[in-house]
Amino acid sequence: MVLIHDYLIEQIHLNIIIAFTIVLIGVLIYRSHLISTLLCLEGIILSLFILIVLLISHYHIFPTSIIPLVLLVFSACEAGIGLALLVTISYTYGNDFVQNLNLLQC
Amino acid sequence: MNFTLNSMILLSIIMLVSPLLYNMLMPHKTTYFPTYCKNMIMMAFMTSLPPMIIFMLYGQESVITNWHWFSITTFNISMSFKLDFFSIIFIPIALYDAWSILEFSLWYMHSDIFIHKFFKYLVSFLLTMIILVSANNLFQLFIGWEGVGIMSFLLIGWWYGRTDANTAALQAIIYNRIGDIGFMLTMAWLMLNSNSWELQNIFSTNMDFIALLGLIIAATGKSAQFGLHPWLPSAMEGPTPVSALLHSSTMVVAGIFLLIRFHPMMENNQMILTTILCLGAMTTLFTAICAITQNDIKKIVAFSTSSQLGLMMVTVGLNQPHLAFLHICTHAFFKAMLFLCSGSIIHSLNDEQDIRKMGGLFLILPITSSALMTGSLALVGTPFLAGFYSKDSIIEAINTSYTNSWALMMTLIATSLTAIYSLRIIYYALLGNPRFSSISPINENNPNLINPIMRLAMGSIFAGFLVTMSIPPMTSITMTMPDMIKLSALLITLAGLAIGMELNSFTNKLMNSMKHTTNFSNMLGYFTYFTHRIYPLMNLYSGQRIATMLIDMNWYEKTGPKGQTNIHSSMSSLLTSTQKGLIKVYFMSFLISITLALMFASMSTNNF
């Protein structure tokens, strides 16, 4: 394990949190394609994963090191559901433009 | 005297075994085998008469214990014969009936190629019946009990190509088996609580309600009391000699005989006596009601048998087992004769059994019709014929004893119905104009037919008197009673005859007003339709419900994929009707509110 000084570790945490914020804005603001939301969702998961692993290995709380793996499992399920929704929308409308979704269809 | 009685009874039983041995050792010599059987039964009857005469003169009873069969720790079973009042008198009567019936079946089954097998079955049936009647311990009695059940099955299904005959044989076995459960209950109770199956040991213990109830169930199964009765009318699918021997004189009285054997145990238990009384009253009335609208001559006589069995049960329930036994003996004569006369009529009309297609046989078959009328008169209890001594005594006893008045009323009504259905047979079969086709092989010139009927007719006229005057009186009968009570049996029978004549003339004048009641009576009170259909149907339904509906469809489908689909799609269609789908606006508002909240939170902590 590389020794990291006390004030440096906070900069690394800030870095990852800024990455998370950028991806979050990416989820919420997009032009027309729904697939960009799904991509940025994966990005959120990735940044959270890295953050948790760093926290665990820096503060040596190894009993909780199963948590990142569980997060990964649930993210896989969630990506699958997202893709299924994308396929359904694409099947119904032919494209994944988000302007289609304001019609009251189930 | 002791030696004579024991050895002659044993010789009589050995004579029954010899035709079976003959057929086993020389199975190819079948030409004179039926006549040989009949002669051996006649010899066995003659051999069993001296013991009966010795008993009547000296009152000598005996118990013969031959050899020790097996022991299970302290429980011993040996082969023993109990020759007391009941068995010494019953064995000659059963052999007399069997002799007449075997001679009759020489005429009736003459054209059957397996006639030697038929006689073999009849002789083995008779052997098991005698074993049942003379058994001293319950094991031997059970051997006889099962034996008569098996032979009944083989003989009812004699014409096994016929579906109805197979069904009837199976029905007989199943109903008898249900009765056997009761018998085994009693045997098990006795094995546990009294350590012996010998009748002498049992008579010195007290029997519980459960054990006696087992005996009642056994009698219900074997003697066709109400609840387990449908096998007896269905058993008429067998040939007429089978009906005459098994299902009128001998096998069906086995249940009543068992109750009579155990009467010392039941004397003091009023609950058991009342159960037997009410069961017998129910049986006798129900089967008499069914008998009055049947159209098959053998079924009418079968229901008549069932009704008389109910009457015997009523007598046992009145704590008068000796009267019941007397009725068994006299009933054997005239009922067997009624069956033989019906067999003669059936064969003469080219196997026609429906009384709506008979008629006018009164002058054409003189011997048969006079025997039929004698038997019917004996059945209804005409004074001083055979049935009078037993039946009138029973009606007097039930009228003058402190008993259930409902049972009394049922028995009296059934007595008047007896007259009605006897009159029905006579009216439809013998009187009026002929309703059968003109080419009928009407012939009663064969001595094999005439002699048995004459013999049994002599029996039905004189047997009541002879047996009553010869047996020692075991109970004291009521000597004084009002005139009406004394004449009640006769008056009820005459009233029944008058009503019967009136009812029979209804069909001539086509009054159809009694449609529903005749349906109830003709279809046996719908009892068979309910019990034979509903119980298996319920079982099959529950099986299908558990296997298919519960397991397959419910656990695998509804709580699995299909249920989830239904829940989710119904919930989402409920929710989406409230939204408008403006996703970008929703996301933008989310972003702005999160940013504002974070800024607000960090500013309020005063820590920058």
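Sequence lines set the chain letters: A, B, ... in the order given, protein chains first and strands last, and positions in each chain run from 1. Remember, it's a predicted structure, so these values are computed and weren't measured experimentally.
In this structure, B/Met191 places its CE atom where more than 12 heavy-atom neighbours from other residues, nucleotides or ligands lie under 6.0 Å away. Atom OH of B/Tyr529 sits in a sparse spot, with 12 or fewer heavy atoms from other residues, nucleotides or ligands closer than 6.0 Å. Within a 6.0 Å radius of OH in B/Tyr586, other residues, nucleotides and ligands contribute more than 12 heavy atoms.
With values rounded to the nearest 0.5 angstrom, B/Ile594 atom CD1 is found 8.5 Å from A/Leu28 atom CG.
Contacts of B/Leu591 with chain A are made by both backbone and side-chain atoms, with heavy-atom separations under 4.5 Å. A/Thr21 does not touch chain B: none of its heavy atoms, backbone or side chain, sits under 4.5 Å away.
Using a 4.5 Å cut-off on side-chain heavy atoms (C-beta onward), A/Ile25 and B/Phe587 make no contact. Using a 4.5 Å cut-off on side-chain heavy atoms (C-beta onward), A/Ile29 and B/Met588 make contact.
Of all non-hydrogen atoms in B/Lys584 and A/Arg31, the two that sit nearest each other are NZ-O, 2.5 Å.
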